[in-house]
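For the single chain, residues carry numbers from 1 onward in sequence order. None of these values were measured; they are calculated from a predicted model.
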Amino acid sequence: FLDGSGIGAAEATRIARELVHNRTVTELHLANNELSGDGCKAIAEALRTNTTVREVDLSDNDLGDEDCCAISDALRANKALGKLVLSSNEIGARGCTLLCSALRENTALRELFLDDMEMDAVACAAIRAMLQANTCLVKLDLSGSSIDADRCGIVTSALSASSSSLAELCLNDNPLGIDGCCATANALRTSSSLTALYLSDVDMGTDGCRAIADALRVNSALVELDLDLNEFGDAGCCAIGAALQTHNATLRSLTMARTALGDEGCAAIAAALRENQTLARLELSENHIGDIGCCAIADALRTNTALEELYLDSNSIGSDGALALVAALVCNTALCHIDVKDNEAIPLSSRIRVLALVQLTRDGILDVPRQHIVDVSEEALSQLRIAKYTGLDGFAQRERVDPLQRVISLLCECAAHKTRG
């Protein structure tokens, strides 16, 4: 790893000479250096014949179109490189066109990062042509690349091609707007290769979210969807919930943190969880969920057997919601991770019980009656906390154990001892 090492042309030339003969190096990390010009040409020339390097990171090197000419020549000859990171450079339409032209021939590269650059319509058209011809690329990151609705439509139109191999597309932090999200949704309807789609902070709006939800009703390939940082609120969340309730049976991970959803939207997701037996990870962090929404989720957890991870941190959940979660987790033996921190109204004792019940599942201690966790008195729980925060502090520091986590573990041990006793 040579990131941020002040490497210029002379040092890059020496590295390139080593790459010609070296057969052990598999990763080359040269981010945040000074490789533009002769330095990049030297590295690219070495990659033409190198057969061992699988990953190259040239991000943040002020690389321009001329540098892309050297890189594209290397890509035409190289048969080993699987991951190329060119993020945060000064590559324009010509450079992007050169890269994409080479990738229409390249049969090795599987991951390409072109994020944090300016992508105009010409560059997006080159990407579309490349995606239509390339049958090896599985991941493309275009985050923060100034892709608006029209440019988004150009890129995503390639996803419906039967020959498309792209499985993961990241469009985070782009001004797609409603129209761009609708274009993405149209592509999602027919795409059979895309399994992960990242649309965080894209100005989605309620209508854009509804379009994505409609696409989920017919899509049978997508496994992971990130809609973080889009304020579509309860209306958008209700549309997603309806799609998951009876139509979609493939999505396994859904992120809707910081989307301004409240109890109504949360209830719609809960209704989906009662029917959906595919979703394994759900993130609803940093929203406006209160006790009503949390109780709805808790009620769904009583019968849901698929959800393994649930994130409800930084909401407005109080004592009633926490108690409902405790009661639900007595029945649920599928959830392995739950996050309820930064809900200031949740009593610490309830939080400890929630986390302890989940730990019983995670540790596979399913023969311990889970009601034992609930039955521990407040006084006994206080004693556990006192023991942990006083006499066992030295142990916690030596073993680098989180004091709260140690209390949870002690509570699980007490439940197990009670069962054996």
Side-chain angles (χ1 to χ4, degrees), residues 200 226-234 236-238 240-241 253-274 279-302 304 307-332 334-362 370 373-374 376-378 381-382 384-385 388-389 402-412:
S200 173
D226 185 351
L227 303 177
D228 186 21
L229 272 171
N230 291 289
E231 293 194 0
F232 46 71
D234 286 336
C237 193
C238 286
I240 296 290
S253 176
L254 175 61
T255 299
M256 293 195 295
R258 296 172 286 184
T259 53
L261 69 91
D263 287 336
E264 182 184 354
C266 192
I269 295 299
L273 291 178
R274 294 188 190 96
L279 197 69
R281 183 183 183 278
L282 176 62
E283 183 170 350
L284 302 175
S285 310
E286 297 185 54
N287 279 299
H288 310 308
I289 300 169
D291 284 337
I292 293 174
C294 187
C295 286
I297 291 287
D299 185 61
L301 289 177
R302 291 175 176 272
N304 183 282
L307 198 67
E308 298 172 1
E309 297 181 44
L310 176 61
Y311 298 84
L312 294 170
D313 50 297
S314 303
N315 277 287
S316 303
I317 301 168
S319 179
D320 290 346
L323 290 174
L325 283 176
V326 170
L329 291 173
V330 172
C331 308
N332 182 292
L335 202 67
C336 297
H337 179 85
I338 188 169
D339 191 343
V340 291
K341 68 176 180 291
D342 296 329
N343 285 280
E344 295 181 2
I346 293 182
L348 180 58
S349 59
S350 294
R351 183 182 169 199
I352 290 172
R353 287 186 172 87
V354 166
L355 297 177
L357 286 163
V358 170
Q359 182 163 308
L360 286 178
T361 298
R362 186 169 60 247
R370 301 164 80 81
I373 296 291
V374 183
V376 174
S377 67
E378 293 291 328
L381 191 56
S382 295
L384 286 176
R385 288 169 54 199
K388 181 65 214 114
Y389 285 102
D402 174 27
L404 178 59
Q405 183 57 49
R406 184 58 180 159
V407 173
I408 293 163
S409 296
L410 286 171
L411 181 54
C412 290

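Across every non-hydrogen atom of Leu307 and Arg281, the tightest pair is CD1-N, 3.8 Å. Considering every non-hydrogen atom in both Gly262 and Ile289, the closest pair reads O-CG1, 4.3 Å. Closest of all the heavy-atom pairs between Gly321 and Cys295 is CA-SG, 4.1 Å. Taking both residues in full, the closest heavy atoms of Leu381 and Leu411 are given as CD1-CD2, 4.1 Å, listed atom of the first, atom of the second, then distance. Heavy-atom minimum distance, Leu301 versus Ala328: CB-CB, 4.2 Å. Among all heavy-atom pairs drawn from Val358 and Leu335, the shortest one is CG1-O, 3.7 Å.
Qualifying side-chain hydrogen bond (donor to acceptor under 3.5 Å, both in side chains) partners for Ser200, counting only residues two or more places apart in sequence or in other chains: none. Residues passing the salt bridge (Lys or Arg N to Asp or Glu O under 4.0 Å) test with Asp299, sequence neighbours excluded: Arg274. With sequence neighbours left out, Asn343 forms a side chain to side chain contact (heavy atoms under 4.5 Å, CB included) with Asn315, Ile317, Val340, Ile346. Partners of Ala280 according to the side chain to side chain contact (heavy atoms under 4.5 Å, CB included) rule, which considers only residues two or more places apart in sequence or in another chain, are Arg252, Glu308. For Asp339, the salt bridge (Lys or Arg N to Asp or Glu O under 4.0 Å) criterion is met by Lys341, not counting sequence neighbours. Listed by chain and residue number, Ser285 satisfy the side-chain hydrogen bond (donor to acceptor under 3.5 Å, both in side chains) test with Asp313 (two or more places apart in sequence, or in another chain). Qualifying salt bridge (Lys or Arg N to Asp or Glu O under 4.0 Å) partners for Arg258, counting only residues two or more places apart in sequence or in other chains: Asp228. Residues satisfying the side chain to side chain contact (heavy atoms under 4.5 Å, CB included) criterion with Ser314, sequence neighbours excluded, are Glu286, Asp342. For Leu323, the side chain to side chain contact (heavy atoms under 4.5 Å, CB included) criterion is met by Ser319, Ser350, not counting sequence neighbours. Residues passing the salt bridge (Lys or Arg N to Asp or Glu O under 4.0 Å) test with Glu231: none are found, sequence neighbours excluded.
For the atom pair Leu310 CG and Cys336 SG, the distance stands at 12.0 Å (nearest 0.5 Å). Within the model, atoms CG of Leu355 and OG of Ser409 stand 10.5 Å from one another, a figure rounded to the nearest 0.5 Å. We find the CD-OG distance between Glu283 and Ser253 to be 8.0 Å, quoted to the nearest 0.5 Å. Between the OG1 atom of Thr361 and the CG atom of Leu329 there is a distance of 7.5 Å, given to the nearest 0.5 Å. Atom SG of Cys412 is separated from atom CG of Leu357 by 7.5 Å, given to the nearest 0.5 angstrom.
Between the Arg302 side chain and the Cys331 main chain, no donor and acceptor come within less than 3.5 Å of each other.
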Query - side chain to side chain contact (heavy atoms under 4.5 Å, CB included) assessment of Leu273 paired with Leu282 - result: CA-CA 10 Å; Leu273 291 178; Leu282 176 62; 4.1 Å; yes
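For residues 261-272, no pair satisfies side chain to side chain donor-acceptor pair (under 3.5 Å), with sequence neighbours left out. Among residues at least two apart or in separate chains, salt bridge (charged side-chain N to carboxylate O under 4.0 Å, His left out) pairs with a member in residues 346-356 are Arg353-Glu378.
Here the rule is side chain to side chain contact (heavy atoms under 4.5 Å, CB included) with Thr259, and of Leu229, Asn287, Asp234, Ile240 only Asn287 fits it.
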